[in-house]
Amino acid sequence: MNMKQIFLCAINNILSGSCKEDCKFCTQSVRYKADIDRYTFKSIDTIVSEAKQAKALGALGYCLVTAGKGLDDKKTEFVSSVAVAIKKEVEGLNLIACNGTASKEQLSYLKAHGVDSYNHNLETSQNYYKEICTTHSWQERYQTCEDAKSVGLTLCSGGIFGMGESREDRDELLKAIASLEPESTPLNFYHPNSALPIKSNTLSQEEAIEIISTARNLLGEERMLMMAGGRELLFGGDESKMFDAGANAIVIGNYLTTSGENPSKDHQMLSDLGYEVASSCGA
Ligand code: SF4
């Protein structure tokens with residue numbers, strides 16, 4: 001892989017903000033009443049048109065996210081229909097579904113309808129997980145990741161840093177992610193929201209750099225290491241440091257419930273740093 005190339009990925013929140021789980025970092029949990037947009041199934045025409053815009057901005061990966069603990073029949077059918085519609089109208093997008101806990105049957109169904117990859121994050125270490133979520137288990141998350149791979153989907157799995165976890169927890173999380181051998185790993189840096197139980201991000205930029213380089217060492221050179229939510233908080237204006245540490249992908253545009261950098265600013269930043277936007281996943 002040519003490290004002078006940076007891969008872009010975009011996210012679409014196609015069903016937002018209606019989750020009953022208690023993940024303490026998540027504005028989409030209804031328990032915390034965060035001030036975000038909440039809607040049920042977005043129209044497929046809107047999603048296809050947003051996918052076209054993302055492709056035009058250079059995105060190679062396009063992630064279809066639904067709020068909630070996991071898939072049910074209705075969501076599986078919806079995500080599958082969205083995948084079929086995007087594959088018909090937009091060429092060259094790697095489609096990633098991010099829909100929580102899923103069975104092998106549901107994952108196979110998504111794959112049969114054009115989904116290429118499944119994103120499911122381990123979020124934090126197995127040990128610290130009980131501090132951030134009590135309504136479902138870390139093991140269940142790990143199992144879904146294994147099941148996604150077992151049905152032939154590529155795996156995208158990462159986590160969130162800066163939620164009060166220790167350095168050991170960070171190392172344990174990165175080791176657990178590496179044990180799954182994911183194709184792609186998003187690193188999120190916790191974005192504080194006053195409605196959430198976790199009030200601040202406990203991470204320094206130096207610690208974030210250490211996390212990126214540890215992740216790169218554990219994952220090897222060939223994998224995609226993506227800077228996702230919270231990138232602007234830790235590296236706004238200092239992006240070269242995250243690429244020097246081993247990152248080779250960024251999320252472009254908005255995140256699930258927080259605004260990202262303006263895409264044209266990101267393109268300018270990459271060009272100023274001497275990076276090209278990757279034009280194919282096999283590059
Ligand atoms: S299960 Fe997913 S959508 Fe629900 S609160 Fe947790 S992270 Fe948020």
Side-chain angles (χ1 to χ4, degrees), residues 9 11-42 47 63-76 78-79 82 96-103 106-107 110 115 117-148 155-165 169 173 176-177 180 182 185-199 201 226 228-230 251 254-260:
C9 193
I11 295 175
N12 196 329
N13 203 5
I14 63 176
L15 187 164
S16 170
S18 50
C19 183
K20 296 190 179 71
E21 301 295 296
D22 75 346
C23 306
K24 290 182 184 161
F25 55 85
C26 184
T27 52
Q28 301 205 77
S29 167
V30 291
R31 296 172 189 237
Y32 307 129
K33 303 184 174 54
D35 182 18
I36 59 162
D37 274 354
R38 298 178 197 269
Y39 45 82
T40 50
F41 304 95
K42 211 187 237 190
I47 300 167
C63 190
L64 304 168
V65 187
T66 52
K69 177 171 176 256
L71 282 170
D72 54 22
D73 288 352
K74 201 170 165 193
K75 278 193 208 169
T76 308
F78 175 61
V79 178
V82 171
I96 305 134
C98 176
N99 315 121
T101 305
S103 67
Q106 289 163 334
L107 293 162
L110 295 181
V115 170
S117 183
Y118 201 72
N119 170 227
H120 200 48
N121 293 335
L122 296 181
E123 307 302 18
T124 193
S125 71
Q126 184 168 16
N127 183 46
Y128 194 64
Y129 191 79
K130 58 185 178 307
E131 305 297 330
I132 63 151
C133 176
T134 63
T135 47
H136 60 273
S137 72
W138 187 92
Q139 194 51 43
E140 191 177 314
R141 287 187 168 269
Y142 196 91
Q143 186 65 51
T144 294
C145 292
E146 288 193 313
D147 289 347
L155 177 67
C156 171
S157 185
I160 309 178
F161 298 86
M163 300 190 289
E165 75 283 350
D169 289 317
L173 168 61
I177 293 168
L180 288 163
T185 292
L187 301 182
N188 296 276
F189 304 110
Y190 178 60
H191 195 130
N193 180 304
S194 58
L196 296 177
I198 306 172
K199 294 298 176 201
N201 184 318
M226 182 173 314
V251 171
N254 291 335
Y255 303 105
L256 289 180
T257 61
T258 57
S259 300

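The first residue in the sequence is number 1, and the count goes up from there. Note that ligands are numbered from 1 as they come in the structure, with each ligand's atoms numbered from 1 the same way. What you are looking at is a predicted structure, and each value in this text was computed from that prediction instead of being measured.
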Will you find, in the side chains of Asp37 and Ser16, an N or O donor that is under 3.5 Å from an N or O acceptor? no
Per-atom filter on ligand 1: closer than 4.0 angstrom to a heavy atom of Gly68 are 1 (S), 2 (Fe), 3 (S)
Within the 3.5 Å criterion, strictly below it, is a donor on Thr101 or Glu140 matched to an acceptor on the partner's side chain? yes
Any chance you could measure Asp72, atom CG, to Thr66, atom OG1, to the nearest 0.5 Å? 8.5 Å
Within 4.0 Å of some non-hydrogen atom of Cys26, the atoms of ligand 1 are 3 (S), 5 (S), 7 (S), 8 (Fe)
Ring geometry between Phe161 and Phe189 (parallel below 30°, tilted from 30 to 60°, perpendicular above 60°): tilted
Looking at His136, which atoms of ligand 1 are within less than 4.0 Å of one of its heavy atoms? 1 (S)
Please determine whether Cys23 has a backbone or side-chain N, O or S atom lying under 2.8 Å from atom 4 (Fe) of ligand 1. no
Ligand 1 to Phe25, heavy atom cutoff 4.0 Å, flagged ligand atoms 7 (S)
Nearest non-hydrogen contact with atom 4 (Fe) of ligand 1 belongs to which option: Ala67, Cys19, Gly70? Cys19
Do the rings of Tyr118 and His120 sit parallel, tilted or perpendicular, given the 30° and 60° boundaries? tilted
